[in-house]
Amino acid sequence: METDRVHELTERLEAVAGPEARAVAHELVGAVMEMYEAGLVRVLAVLEDAGEAAAPAREALIGDGVFASLLLIHGLYPVDLETRVLEALESVRPYMESHGGDVELIAIEDDIVKLRLEGHCKTCSASASTLELAIKQALDEHAPDLAGMDVTGMEESTHEAPAGPVLPVIQSGLPMAAGPSWHDLAAEPPEGALAASVVRGFPLIVGNVDGTLLAYRDECASCGRSLSSATLQGPVLICSGCDAAFDITRAGRALDGGAQLGPVPLLRDAGAGARVALTV
């Protein structure tokens, strides 16, 4: 991306140039930024003066990632930060509810958003970590100008962590650093069905409960077998190997209170399909 190239060149400049050269370079960059800001202000003013006729073009530009980044850098983005944060949280709320939880915006201070996880997700670290990943992804897309996020409400898990590759937890209070990569899900099961999928070499099982997609590692937490031949009865996944039953709308908890499936963060965007987060 263009922004990555800018960061790369800035780091190279700091590493190889002397103090005087760096000062001149920074002054040059500042002058260029001021010129771009003046140009952006004029573009927005022309679009505003054109009224409804320019509305499609205005929305297209604001929705473009590069143009939106420039607006954010210069403080010209037309939607305030809190509104965009709330929109981000609304976009993941169905996913939160499917895991028996919710998220509350406490405050935004010094461009750091403070959130509280609520509901059943607080008591399971595996579920809470996947929810934090989904929240982070939504915030990255809606409010990339945030400096970080601080999540409270997590409690110690009473379950053992499921076997297999473990997704990292976004620790409370840390900056929003780069995390797992998000990858497209090739196939989506119809409502009321399961579908096995392999994404970047990781076998997954995806269920569709009343239109909500939920992803898990393709491994029974009870017997260790693949769930590719499992059945789905409402929200309950039943392993064909050992008949263990798991509620996939409650973070894969076993109905008998035993083992728990390994949840995988999944986001479903309008027009963009479904994506899962993996550390690959």
- Query: Which atom pair, heavy atoms only, marks the closest approach of Pro189 to Leu194?
  - Reply: CB-C, 3.9 Å
- Message: Tell me the closest heavy-atom pair linking Pro190 and Asn208, and the distance in Å.
- Response: O-CB, 3.3 Å
- Query: Can you check whether Ile205's main-chain N or O pairs, donor with acceptor, with Asp218's side chain at less than 3.5 Å?
  - Reply: no
- Task: Verify the cluster assignment for Ile135 and Leu81: are they in a single hydrophobic cluster under the rule of side-chain heavy atoms below 4.5 Å apart?
- Result: yes
- Task: State whether the side chain of Tyr216 and the backbone N or O of Gly252 hold a donor-acceptor pair below 3.5 Å, judged by distance alone.
- Result: yes
- Message: Arg84 vs Glu87, test: salt bridge (charged side-chain N to carboxylate O under 4.0 Å, His left out). Steps then yes/no.
- Response: CA-CA 5 Å; Arg84 288 183 280 118; Glu87 289 176 350; over 6 Å; no
- Looking at CD of Glu219 and SG of Cys239, how far apart are the two atoms once the value is rounded to the nearest 0.5 Å? 10.5 Å
- Could you pull out all residues at least two apart from Asp247 that satisfy side chain to side chain contact (heavy atoms under 4.5 Å, CB included)? Pro235, Thr249, Arg250, Leu255
- Task: Measure the spacing between CZ of Arg116 and CD of Glu104 and express it to the nearest 0.5 Å.
- Result: 5.0 Å
Please table the atom pairs, donor to acceptor, closer than 3.5 Å between any side-chain atom in residues 105-115 and protein atoms at least two apart or in another chain.
| from | atom 1 | to | atom 2 | distance (Å) |
| --- | --- | --- | --- | --- |
| Glu109 | OE1 | Lys114 | NZ | 3.1 |

Identify each donor-acceptor pair in which a side-chain atom of residues 44-57 lies under 3.5 Å from a protein atom, sequence neighbours left out, and give them as a table.
none

- Query: What are the two closest non-hydrogen atoms of Ser240 and Ser229, and how far apart are they?
  - Reply: OG-OG, 2.6 Å
- Would Ile248 end up clustered with Val236 when hydrophobic side chains under 4.5 Å apart are linked, directly or stepwise? no
- Should Thr83 and Val85 count as side-chain neighbours, where that means a heavy-atom distance under 4.5 Å? no
- Item | Value rounded to 0.5 Å, distance of OG1 in Thr231 from CG in Asp243 | 8.5 Å
- Message: For a side-chain contact (heavy atoms from CB on, under 4.5 Å) check, start with the C-alpha distance between His183 and Arg275, then their side-chain angles and the critical distance, and finish with the verdict.
- Response: CA-CA 5 Å; His183 305 278; Arg275 292 170 293 162; over 6 Å; no
- Measure the shortest side-chain to side-chain distance between Glu188 and Leu213 over non-hydrogen atoms and say whether it is less than 4.5 angstrom. yes
- Query: How many angstroms lie between CG in Leu232 and CG in Leu214, if you round to the nearest 0.5 Å?
  - Reply: 9.0 Å
- Can Val206 be reached from Phe202 by stepping across I, L, V, M, F, W or Y side chains whose heavy atoms are under 4.5 Å apart? yes
- Could you please spell out the steps behind the side-chain contact (heavy atoms from CB on, under 4.5 Å) verdict for Leu204 and Val264? CA-CA 8 Å; Leu204 305 174; Val264 173; 3.9 Å; yes
- Query: Where is the tightest heavy-atom contact between Gly234 and Val209, given as atom of each residue plus distance?
  - Reply: O-CG2, 3.9 Å
- Message: Working note: Arg217 + Leu261, criterion side-chain contact (heavy atoms from CB on, under 4.5 Å); need CA distance, chi angles, decisive distance, verdict.
- Response: CA-CA 7 Å; Arg217 299 180 198 131; Leu261 299 179; over 6 Å; no
- Between Gly241 and Arg225, the two heavy atoms sitting closest are CA-NH1, 3.3 Å
- Report the distance from atom CZ of Phe246 to atom CZ of Arg253, rounding to the nearest 0.5 Å. 13.0 Å
- Reported OG-to-CG distance for the pair Ser197 and Asp184, which is rounded to 0.5 angstrom: 10.5 Å
